[in-house]
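For ligands, and for the atoms within them, numbers begin at 1 and follow the listed sequence.
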Amino acid sequence: MKVLVAVKRVVDFNVKVRVKADGTGVETANVKMSMNPFDEIGVEEAVRLKEGGKATEVIAVSLGPTQCQETIRTALAMGADRGIHVQTDVELQPLAVAKLLKAVVDKEQPQLCILGKQAIDDDANQTGQMLAALLSWSQATFASKLVINGDGTANVTREVDGGLETIQAKLPLVMTTDLRLNEPRYASLPNIMKAKKKPIEQLTPEALGVDPAPRLKTLKVVEPPKRKAGVKVKSVAELVDKLRNEAKVI
Ligand code: AMP
């Protein structure tokens with residue numbers, strides 16, 4: 001079974017994101033970029049499937065500018081077999097990403113596509129769902145456990161409001177990862193070296209027959225309002241007094 005994993009290059013989760021002065025977006029120049037954390041979980045799961053004999057090949061796909069190849073290299077160092085880079089400098093929105101991934105899926109014919117449940121930059125939480133719809137495949141979102149059965153189905157445990165829900169899905173399947181699915185490994189130095197020799201295929205939206213043009217326009221991006229400093233109270237009586245007379249909430 002071939003497994004395709006989508007890996008997005010995003011601003012590193014440790015970076016304090018700053019809004020551009022003109023309010024058109026966030027600052028990405030000279031900012032550390034990394035693989036979207038949910039996609040690291042996706043790569044880890046795919047590599048574990050290969051190590052467990054369930055997957056035959058793991059393909060990491062990233063869409064965007066040239067630097068996305070670094071993200072693909074990280075996936076290769078974690079254990080993916082080869083990469084596909086769809087090169088474009090156009091701002092990609094979830095529908096365009098889903099259409100491009102569908103075109104790659106049509107070409108590669110994997111049985112399982114693993115995406116992150118959301119990208120930590122746009123927080124859209126849309127691409128996996130859109131991809132499953134475009135492919136008319138089963139979808140299992142927010143997965144915290146995956147078991148591939150021998151009969152062309154997979155059991156996926158999902159994090160839902162009341163607890164955990166386990167569903168059985170027919171393959172082929174689009175699955176999106178939640179935090180508790182696994183703990184991604186760090187790539188070892190020998191594996192980083194080996195990853196340099198693994199192949200990355202270059203494609204373009206034009207070659208895949210997809211128009212990646214954005215359909216949504218960002219009107220404005222602003223910083224969240226600053227939180228007011230808190231105060232310490234000396235007694236419960238003072239707290240009750242402040243809640244009643246200052247905050248007027250009781
Ligand atoms: P989103 O719907 O934007 O929150 O993204 C959900 C998931 O879609 C991400 O975790 C990735 O797995 C995948 N994805 C989104 N954009 C890209 C991209 N440019 N390249 C590769 N994968 C992507």
| query | Which ligand 1 atoms are under 4.0 Å away from a heavy-atom of Asn125? | reply |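 Those of ligand 1 that fall under 4.0 Å from Asn125 are 1 (P), 2 (O), 4 (O).
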| Enumerated ligand 1 atoms positioned under 4.0 Å from heavy atoms of Asn36 |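 Counting atoms of ligand 1 from 1, those under 4.0 Å from Asn36 are 9 (C), 10 (O).
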| field | Gln87-Thr66 side chain donor-acceptor pair, cut-off 3.5 Å | value |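 Their side chains do contain a donor-acceptor pair, which is all the 3.5 Å distance test asks for.
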| query | Looking only at distance, does Ala6 have an N or O less than 3.5 Å from an N or O of ligand 1? | reply |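 Yes; at least one N/O pair falls below 3.5 Å.
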| request: Apply salt bridge (Lys or Arg N to Asp or Glu O under 4.0 Å) to Arg18 and Glu27, showing your working. | output: CA-CA 6 Å; Arg18 288 187 199 290; Glu27 204 56 74; over 6 Å; no
| query | Ala124 heavy atoms, cut-off 4.0 Å: which ligand 1 atoms fall inside? | reply |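 Heavy-atom distances to Ala124 below 4.0 Å select 1 (P), 2 (O), 3 (O), 4 (O).
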| note | Ranked by distance from atom 6 (C) of ligand 1, the top protein heavy atom is Gly116 O, 3.4 Å
| message | For the residue pair Asp122 / Gln118, report whether a side-chain donor-acceptor contact shorter than 3.5 Å exists. | response |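 There is no such pair between these side chains.
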| request: Measure the distance from atom 9 (C) of ligand 1 to every protein heavy atom, then report the residue, atom name and distance (to 0.1 Å) of the closest one. | output: Asp39 OD1, 3.5 Å
| query | Which heavy atom of the protein is the closest neighbour of atom 8 (O) of ligand 1, given with residue, atom name and distance? | reply | Thr127 CB, 3.4 Å
| If you measure every N/O of Asp123 against every N/O of ligand 1, is any gap under 3.5 Å? | no
| Option whose closest heavy atom lies nearest to atom 4 (O) of ligand 1, chosen from Ala98, Ala119, Gly128 | Ala119
| said: Students should be able to answer this: which protein heavy-atom is nearest to atom 14 (N) of ligand 1, and at what distance? | reply: Val97 CG1, 4.0 Å
| message | How close do Ala140 and Ile167 get, counting heavy atoms only, and between which atoms? | response | CB-CD1, 4.0 Å
| task | Heavy-atom contacts with Asp122 under 4.0 Å: which atoms of ligand 1 show up? List them by number with element. | result | 1 (P), 3 (O), 4 (O)
| query | To which protein heavy atom is atom 21 (C) of ligand 1 closest, and what is the distance rounded to 0.1 Å? | reply | Val7 O, 3.3 Å
| message | Just so I know, are the side chains of Met33 and Gln67 near enough to count as touching, which here means a heavy-atom distance under 4.5 Å? | response |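 In short, these two side chains do not touch, never coming nearer than 4.5 Å.
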| Ser62 side chain to Arg9 side chain, donor-acceptor N/O pair below 3.5 angstrom |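 The answer is no; no qualifying pair exists.
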| query | Does any N or O in the side chain of Asn191 come within less than 3.5 Å of the main-chain N or O of Met78, such that one atom is a donor and the other an acceptor? | reply |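 Between the backbone of Met78 and the side chain of Asn191 there is no qualifying donor-acceptor contact (under 3.5 Å).
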| query | In terms of residue, atom name and distance, what is the protein heavy atom nearest to atom 16 (N) of ligand 1? | reply |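 For this ligand atom, the closest protein heavy atom is Lys8 CD, 3.3 Å.
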| task | Please indicate whether any nitrogen or oxygen in Leu101 is less than 3.5 Å from any nitrogen or oxygen in ligand 1. | result | no
| task | Please indicate whether any nitrogen or oxygen in Gln126 is less than 3.5 Å from any nitrogen or oxygen in ligand 1. | result |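 Such a contact does occur with ligand 1.
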| message | Just to verify, what does Ile250 make a side chain to side chain contact (heavy atoms under 4.5 Å, CB included) with, not counting sequence neighbours? | response |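 Scan of Ile250 (side chain to side chain contact (heavy atoms under 4.5 Å, CB included), adjacent residues dropped) gives Val240, Leu243, Arg244.
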| request: Examine ligand 1 and decide if any of its atoms is less than 4.0 Å from a heavy atom belonging to Val61. | output: yes
| request: Please check if Val3 and Val47 belong to a single hydrophobic cluster, counting links between Ile, Leu, Val, Met, Phe, Trp and Tyr side chain heavy atoms closer than 4.5 Å. | output: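 Per the 4.5 Å side-chain linkage, Val3 and Val47 are co-clustered.
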| Under the side chain to side chain contact (heavy atoms under 4.5 Å, CB included) test, residues paired with Asn182 that sit two or more places apart | Ile41, Glu44, Glu45, Arg48, Pro184
| Looking only at heavy atoms, which two atoms of Val19 and Glu223 are closest? And how far apart? |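 Result for this residue pair: N-OE2, 3.6 Å.
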| query | For Leu63 and ligand 1, does the shortest N/O to N/O distance drop below 3.5 Å? | reply |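 Right, the criterion is met.
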